[in-house]
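Here is the structure we will look at.
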Amino acid sequence: MTSIAALFPGPVVVEASTLLPDAELFADECAFVQAAVPKRRAEFASARVLARKALAALGAPLVSLVPAPDRSPVWPLGYTGSISHCSDYCAVVVARSRDIRSLGLDVEDKRELDPAMQDLVLTRAERQWLESQLPVLRPVLPILIFSAKEAYYKCQYPITGGFLDFQDVELAIEWASGTFEARVLKTGWPAAVARLSGRFVVDPDRVGCGVALMPD
Ligand SMILES: CC(C)(COP(=O)(O)OP(=O)(O)OC[C@H]1O[C@@H](n2cnc3c(N)ncnc32)[C@H](O)[C@@H]1OP(=O)(O)O)[C@@H](O)C(=O)NCCC(=O)NCCS
């Protein structure tokens with residue numbers, strides 16, 4: 001996927017690759033995924049190698065990137081970023097915190113979401129919107145909505161530390177401009193992140209979504 005950097009409005013560094021078989025980890029990172037299945041170890045390790053490369057391009061120190069206990073990524077002080085993996089692919093975006101407050105990146109294999117997942121992911125209004133769209137677009141829109149909600153969730157999490165269900169977030173997608181707006185339906189969600197805009201890209205293999213929260 002060539003255009004991940006274009007998913008973000010500010011200065012970011014993106015590194016993306018198919019999974020790296022020989023990705024090397026720090027000892028504490030190794031320990032974190034010791035009990036995981038090989039696929040999980042490979043995606044975790046690939047993400048760390050790509051993240052270190054991206055952070056180095058911004059002048060950040062070479063550090064271990066062990067996630068927090070809630071599994072969210074922990075970035076070196078002064079930097080922020082986001083990680084996503086799909087079947088055989090991993091992408092990382094990082095930025096300086098003075099340029100971008102928070103980032104959310106999600107990449108998915110381009111596929112049709114099965115009906116049970118669509119029920120889980122799409123709100124009633126999103127389902128109605130879907131039915132009004134061109135038949136040629138309809139197969140890809142549910143996975144796009146899924147991915148956009150994941151990207152939004154990752155971006156808002158460092159600010160709120162809060163959990164959101166798929167039904168708590170409603171998407172407005174503008175296909176022609178490759179943009180969307182995510183809006184939280186729950187009341188009382190922090191105003192800074194209750195409504196965020198994002199960008200998406202769809203290529204023959206994957207769907208990618210990015211959300212950025214700019215500094216005040
Ligand atoms: C965090 C979450 C969104 C990850 O999405 P995913 O499609 O399963 O997996 P991806 O490969 O795209 O992303 C994985 C990366 O997300 C990051 N991540 C995990 N928890 C995170 C959080 N709370 N906030 C931000 N990023 C998070 C990690 O960096 C992880 O990579 P790593 O394990 O190599 O460190 C998902 O696991 C989750 O917790 N979902 C619950 C909330 C939700 O989805 N609500 C509906 C949308 S509003």
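In listed order, ligands and their atoms are each counted from 1.
Relative ring orientation between Phe146 and Phe166 is described as parallel, the plane-to-plane angle staying below 30° on a 0-90° scale split at 30° and 60°.
Residue-to-ligand polar distances place Glu150 within reach of ligand 1: an N/O pair is separated by less than 3.5 Å. The shortest N/O to N/O separation between Asp70 and ligand 1 does not fall below 3.5 Å. Checked against a 3.5 angstrom limit, the closest N/O atoms of Asp106 and ligand 1 fall inside it. Residue Tyr157 has no N or O atom closer than 3.5 Å to an N or O atom of ligand 1. Ligand 1 has an N or O atom lying under 3.5 Å from an N or O atom of Ser84, backbone or side chain. Between Arg40 and ligand 1, at least one N/O pair is under 3.5 Å apart. In terms of polar-atom proximity, defined here as any N/O pair under 3.5 Å, Leu105 makes no such contact with ligand 1. Residue-to-ligand polar distances place Arg48 within reach of ligand 1: an N/O pair is separated by less than 3.5 Å.
At most 12 heavy atoms of other shown residues, nucleotides or ligands fall within 6.0 angstrom of atom CD in Glu24. Within a 6.0 Å sphere centred on NZ of Lys186, heavy atoms belonging to other residues, nucleotides or ligands number more than 12.
Closest approach of Glu126 to Val169, counting heavy atoms only: OE2-O, 3.7 Å. The two residues Glu131 and Arg138 make their nearest non-hydrogen contact at O-NH2, 3.4 Å.
Distance check for atom 37 (O) of ligand 1: every protein heavy atom is found at 4.0 Å or beyond.
When hydrogens are left out, the protein atom nearest atom 10 (P) of ligand 1 is Lys154 NZ, 3.5 Å; that is the closest non-hydrogen contact. Here the protein heavy atom with the shortest distance to atom 22 (C) of ligand 1 is Ser72 CB, 3.6 Å. Of the protein's non-hydrogen atoms, the one nearest atom 28 (C) of ligand 1 is Arg71 O, 3.8 Å. Scanning all protein heavy atoms for the shortest distance to atom 26 (N) of ligand 1 gives Pro73 CD, 3.4 Å.
Residue contacts with ligand 1, taken as heavy atom pairs separated by less than 4.0 Å, involve Tyr153 solely via side-chain atoms from C-beta onward. Under 4.0 Å from ligand 1, the heavy atoms of Phe163 that appear belong solely to its side chain. Residue contacts with ligand 1 for Ile83 involve both N, CA, C or O and side-chain atoms from C-beta outward (heavy atoms, distance under 4.0 Å).
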Inset, instruction - Determine, stepwise, if the pair Asp106 / Tyr153 fulfils side chain to side chain contact (heavy atoms under 4.5 Å, CB included). - result: CA-CA 10 Å; Asp106 191 74; Tyr153 180 80; over 6 Å; no

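A cation-pi arrangement is not found for Arg199 relative to Phe8, the charged atom failing to lie both closer than 6.0 Å to the ring centre and inside a 45° cone about the ring normal. For the pair Arg48 and Phe44, the distance from NZ or CZ to the six-membered ring centre is under 6.0 Å and the angle to the ring normal is within 45 degrees.
For Trp189 (side chain) and Ala194 (main-chain N/O), no donor-acceptor pair under 3.5 Å exists by modelled atom type. Lys154 places a side-chain N or O within donor-acceptor distance of the main-chain N or O of Leu105, the cut-off being under 3.5 Å.
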